[in-house]
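Heavy-atom basis, side chains included; hydrogens, waters and symmetry copies ignored. In what follows, chains carry the letters A, B, and so on, assigned in the order in which the sequence lines appear, proteins first and then strands, with residues in each chain numbered from 1.
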2 protein chains.
Amino acid sequence: MCVALDRTPSGSYGIDMSTDLDIVFSALADPTRRAILSMLLEDDMAVTDVAEPFEMSLAAISKHLSILTRAGLIQQEKRGRVKWCKLQPDALRSASVWMQGFGQFEPVHLDAFERFLAAEFHDDQA
Amino acid sequence: MCVALDRTPSGSYGIDMSTDLDIVFSALADPTRRAILSMLLEDDMAVTDVAEPFEMSLAAISKHLSILTRAGLIQQEKRGRVKWCKLQPDALRSASVWMQGFGQFEPVHLDAFERFLAAEFHDDQA
DNA sequence: TGCATATTCAACCATATGGTTGAGCTTGCA
DNA sequence: TGCAAGCTCAACCATATGGTTGAATATGCA
């Protein structure tokens, strides 16, 4: 599903990482959806239980869950008549990588000791 | 920045950066804006130069730059009749911290990031 | 002074987004 | 068998978003 981190040499096929990021970031842009993700961090939940704390219709929550599913941020699995929602944190990785790339250019606040450690353990990190 | 009391349904999380996250994530959700950020990673640029590679009016780019500024992702400074745009990567920190809460991600390898960025930038130019 | 450059503003348009309601489908169970 | 529970669908609505164009506002310079 999520191919954002695909680094295979199939680049000419034009796997669209850009669209994945569109979908993931816009999924994260809504506070209700971020709250849902936080809730699912605790435990898997049924749709009805996800909806319970919100002052919003079940249908609206159902839509939010579809958006999160489409972004690959959660997985939904139906068991009996209950649809369970499970966090899929891996989908955040591509977005996280993208963002941290900008962090590389932040001024580095290493003091001499940390600089020493960084140099000392450089091989371990490679 | 906005600091208010948290009101997420899932409980108390102390300081609420919810609206900040809304603004930052939705700023990042647009491929044109991400491409602009990538360009500014190279160097500071004037508005006209930012607009140059895009097949879109200058006014549209100007709007995108306002959105990035409002999100704190860039800073704009007018010198003479030229308005310079400068990356402000610190603004990504709160969003990054939020996302880190969802899982341990691999340490970022810069070369992987640059390939990722190059691919995405290529998509946007196409 | 007067014109070109750099950028934003204002009005407008099409589409996307986030919500509602009511009906409909599937499943569990008394 | 029949009803309640769990969830989605479809239609609708208001507002947000991302783009356009033409006019307006600064600023630099010959």
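The closest side-chain heavy-atom distance from D22(B) to R34(A) is below 4.5 Å.
Scanning both residues, L87(A) and L37(A), for their nearest heavy atoms gives CD1-CD2, 3.5 Å.
Here the side chain of S57(B) is nearest to one of dC7(D), dT20(D), dG19(C), namely dT20(D). Nearest to the side-chain atoms of K83(A) among the listed nucleotides dT8(D), dA6(C), dT8(C) stands dT8(D).
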Please determine whether side-chain contact (heavy atoms from CB on, under 4.5 Å) holds for the pair V47(A) and Q76(A), giving the CA-CA distance in whole Å, both sets of side-chain angles, and the decisive distance to 0.1 Å.
CA-CA 9 Å; V47(A) 173; Q76(A) 289 183 285; 4.0 Å; yes

H64(B) vs F54(B), side-chain contact (heavy atoms from CB on, under 4.5 Å): CA-CA, chis, key distance, verdict:
CA-CA 12 Å; H64(B) 282 303; F54(B) 297 96; over 6 Å; no

Starting from the C-alpha separation in whole Å, work towards a yes-or-no answer on side-chain contact (heavy atoms from CB on, under 4.5 Å) for L21(B) and L28(A).
CA-CA 8 Å; L21(B) 287 177; L28(A) 294 177; over 6 Å; no

Tabulate atom names and distances for all N/O pairs under 3.5 angstrom spanning the protein and nucleotides 14-16 of chain C.
none

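Under a hydrophobic clustering in which Ile, Leu, Val, Met, Phe, Trp and Tyr are joined whenever their side-chain heavy atoms come within less than 4.5 Å, directly or via other members, F25(A) and I67(A) fall into different clusters.
Between the P atom of dG18(C) and the CG atom of L68(A) lies a distance of 11 Å, rounded to the nearest Å. Regarding M56(A), its CE atom lies at a distance of 21 Å from the P atom of dC13(D), rounded to whole Å. Counting to the nearest Å, the C1' atom of dT27(D) and the CH2 atom of W84(B) are 15 Å from each other. Per the geometry, NE2 belonging to H64(A) stands 6 Å off C1' belonging to dG18(C), to the nearest Å. Here dA6(C) presents its C1' atom at 10 Å from CG of D49(B), a figure rounded to the nearest Å. One atom, NZ of K63(B), and another, P of dC9(C), lie 11 Å apart when rounded to the nearest Å. Put simply, CG on L65(A) is 12 Å from C1' on dT8(D), counting in whole angstrom units. Computed from coordinates, the L58(A) CG to dT20(C) P distance equals 11 Å when rounded to whole Å.
The base of dT5(C) lies close enough to the side chain of R81(B) for a donor and an acceptor atom to sit less than 3.5 Å apart.
Counting any heavy atom pair closer than 4.0 Å across all strands shown, A46(A) reaches sugar-phosphate atoms only and no base atom. Residue contacts shown for R33(B) are limited to sugar-phosphate atoms, with no base heavy atom under 4.0 Å away.
Between E52(A) atom CD and M45(A) atom CE the span is 8.0 Å, to the nearest 0.5 Å.
Between S62(B) and dT8(C) there is a side-chain N or O to OP1 or OP2 distance below 4.0 Å.
Checking G80(A) against T32(A), the closest nucleotide of DNA chain C that is more toward the 5' end is the one next to T32(A).
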